[in-house]
Amino acid sequence: MELLRKRILQDGRSFEGGILKVDSFINHQMDPVLMKSIGVEFVRRFASTDVNKVMTIEASGIAPAIMTGYLLDLPVVFAKKKSPRTIRNAISTTVHSFTKDRDYEVVISADFLTPQDRVLFIDDFLAYGNAALGVMDLIRQSGAKLVGMGFIIEKSFQDGRKMLEEQGVRVESLAIIDNLSDGRIAIRE
């Protein structure tokens with residue numbers, strides 16, 4: 001996706017430890033035109049699936065998931081990083097955040113993730129696949145079916161894709177980063 005690629009090279013920043021900062025246009029301040037283009041591309045890639053619900057984890061996956069759900073005319077649900085006292089029929093799992101280097105309990109109501117759901121998971125990053133594994137656990141617990149996972153940016157050097165594909169998951173990434181060393185960003189053509 002050329003628009004995304006250009007934006008990463010123009011406004012993204014590489015930090016030590018494999019960190020790519022894209023907070024000026026994806027996960028802090030958001031570019032709605034870019035988000036629409038991202039949603040359009042996810043729709044194009046997953047249009048042939050039998051998805052009936054889009055899912056993400058708060059917070060950075062919400063914008064691309066909403067846009068994708070809007071364009072597919074499907075409901076969007078997100079797993080929460082804190083369990084509100086008002087949640088009923090909770091399903092939970094633990095997810096390790098690479099960026100924040102801490103564990104989160106993520107929770108979703110079984111009222112919104114059911115055995116009738118065929119889920120498309122959308123998120124901002126695929127690194128080691130920790131969030132994806134957590135989502136797969138929530139989907140398994142609910143009895144729903146995972147039809148695929150879409151990521152705005154994948155860091156190929158952190159093996160998340162390999163782990164997911166070994167489990168039979170369809171993975172679609174809009175931009176694949178091959179290297180973030182020496183402050184440079186190398187995006188796969």
Side-chain angles (χ1 to χ4, degrees), residues 1-15 18-49 51-82 84 95 97-100 104 106-109 112-113 117-127 129-132 134-135 138 146-156 158 160-161 170-178 180 184-189:
M1 194 179 144
E2 192 59 27
L3 177 62
L4 175 61
R5 187 179 188 284
K6 285 181 181 177
R7 197 65 187 271
I8 292 168
L9 291 173
Q10 174 185 315
D11 297 324
R13 299 291 174 259
S14 172
F15 289 95
I19 303 289
L20 176 62
K21 188 173 181 173
V22 291
D23 64 346
S24 67
F25 59 101
I26 289 181
N27 56 17
H28 192 65
Q29 173 174 274
M30 287 173 266
D31 178 340
V33 174
L34 178 62
M35 281 299 157
K36 180 181 178 191
S37 297
I38 286 166
V40 167
E41 184 62 18
F42 281 136
V43 168
R44 185 186 73 75
R45 293 184 185 207
F46 288 102
S48 65
T49 66
V51 61
N52 70 352
K53 188 165 284 182
V54 178
M55 181 179 179
T56 194
I57 290 182
E58 70 178 350
S60 298
I62 293 175
I66 287 282
M67 192 59 70
T68 304
Y70 172 75
L71 293 168
L72 287 169
D73 196 24
L74 293 175
V76 178
V77 65
F78 65 91
K80 295 175 176 269
K81 288 183 180 172
K82 290 190 177 190
V95 170
S97 169
F98 167 75
T99 307
K100 294 183 174 124
Y104 290 96
V106 293
V107 63
I108 193 164
S109 172
F112 303 127
L113 193 60
D117 290 324
R118 296 172 312 280
V119 178
L120 170 59
F121 175 69
I122 300 290
D123 207 3
D124 61 340
F125 275 95
L126 172 59
N130 297 327
V135 165
L138 294 173
L146 177 66
V147 299
M149 294 188 158
F151 302 93
I152 298 174
I153 299 169
E154 173 186 338
K155 296 188 229 173
S156 66
Q158 291 176 327
R161 174 185 287 268
R170 177 182 172 186
V171 176
E172 295 285 342
S173 299
L174 305 186
I176 299 175
I177 307 298
D178 286 325
L180 290 172
R184 296 185 352 196
I185 302 169
I187 302 178
R188 188 174 298 171
E189 294 289 330

Legend entry - pair V54-F42: side-chain heavy atoms closer than 4.5 Å: no
Inset, instruction - Not counting sequence neighbours, which residues clear salt bridge (Lys or Arg N to Asp or Glu O under 4.0 Å) with E41? List them please. - result: R44, R45
Legend entry - Min side-chain heavy-atom separation M67-I38 under 4.5 Å: no
Inset, instruction - Answer yes or no for R170 and F46: cation-pi contact, defined as NZ/CZ to six-membered ring centre under 6.0 Å and angle to ring axis within 45°. - result: yes
Inset, instruction - Please name the pair of heavy atoms, one in S24 and one in D11, separated by the smallest distance, quoted to 0.1 Å. - result: OG-CB, 3.7 Å
Inset, instruction - Would you mind reporting whether I26 and I153 have side-chain heavy atoms less than 4.5 Å apart? - result: yes
Legend entry - Minimum heavy-atom distance between A79 and L138, given as atom pair plus value: CB-CD1, 3.9 Å
Legend entry - Value rounded to 0.5 Å, distance of CG in L34 from CD1 in I152: 7.5 Å
Inset, instruction - Mind listing the closest non-hydrogen atom pair of D123 and S60 along with its distance? - result: OD1-C, 4.4 Å
Legend entry - Residue pair V135 / V119, side-chain heavy-atom distance below 4.5 Å: no
Legend entry - Gap between atom CG of L174 and atom CD of E2 - 0.5 Å precision: 12.5 Å
Inset, instruction - Examine distances only and state if a side-chain atom of K53 and a backbone atom of V77 form a donor-acceptor pair shorter than 3.5 Å. - result: no
Legend entry - side chain to side chain contact (heavy atoms under 4.5 Å, CB included) evaluation trace for I57 with Y104: CA-CA 11 Å; I57 290 182; Y104 290 96; over 6 Å; no
Inset, instruction - For the pair E58 (side chain) and K81 (backbone), establish whether a donor and an acceptor sit closer than 3.5 Å, ignoring hydrogens and angles. - result: yes
Inset, instruction - Identify the two heavy atoms, one from G39 and one from L71, that lie closest to each other, and give their separation to 0.1 Å. - result: C-CD1, 3.5 Å
Inset, instruction - Examine distances only and state if a side-chain atom of N52 and a backbone atom of R118 form a donor-acceptor pair shorter than 3.5 Å. - result: yes
Legend entry - Spatial distance of atom CE (M149) from atom OG1 (T56) [nearest 0.5 Å]: 10.0 Å
Legend entry - Flag if over 12 foreign heavy atoms under 6.0 Å of CZ, F25: yes
Inset, instruction - Can you see which heavy atom on V95 is nearest to which on V106, and at what distance? - result: CG2-CG2, 3.7 Å
Legend entry - Side-chain heavy-atom pair D117, M55 within 4.5 angstrom cut-off: no
Legend entry - Within-4.5 Å side-chain heavy-atom neighbours: V76 and Y70: no
Inset, instruction - Kindly compute the distance separating CD1 (I8) from CG (L3), expressed to the nearest 0.5 Å. - result: 10.0 Å
Legend entry - Where E154 and S173 come nearest, the two heavy atoms and their spacing: OE1-OG, 2.7 Å
Inset, instruction - Indicate yes or no: at least one non-hydrogen side-chain atom of I177 is less than 4.5 angstrom from one of Q158. - result: no
Legend entry - Main-chain N/O of L180 paired with S14 side-chain donor or acceptor, under 3.5 Å: yes
Legend entry - Interatomic spacing from OG1 in T68 to CE in M35 - rounded to 0.5 Å: 9.5 Å
Inset, instruction - Give, for atom CZ of R13 and atom CG of D23, the distance between the pair rounded to the nearest 0.5 Å. - result: 10.0 Å
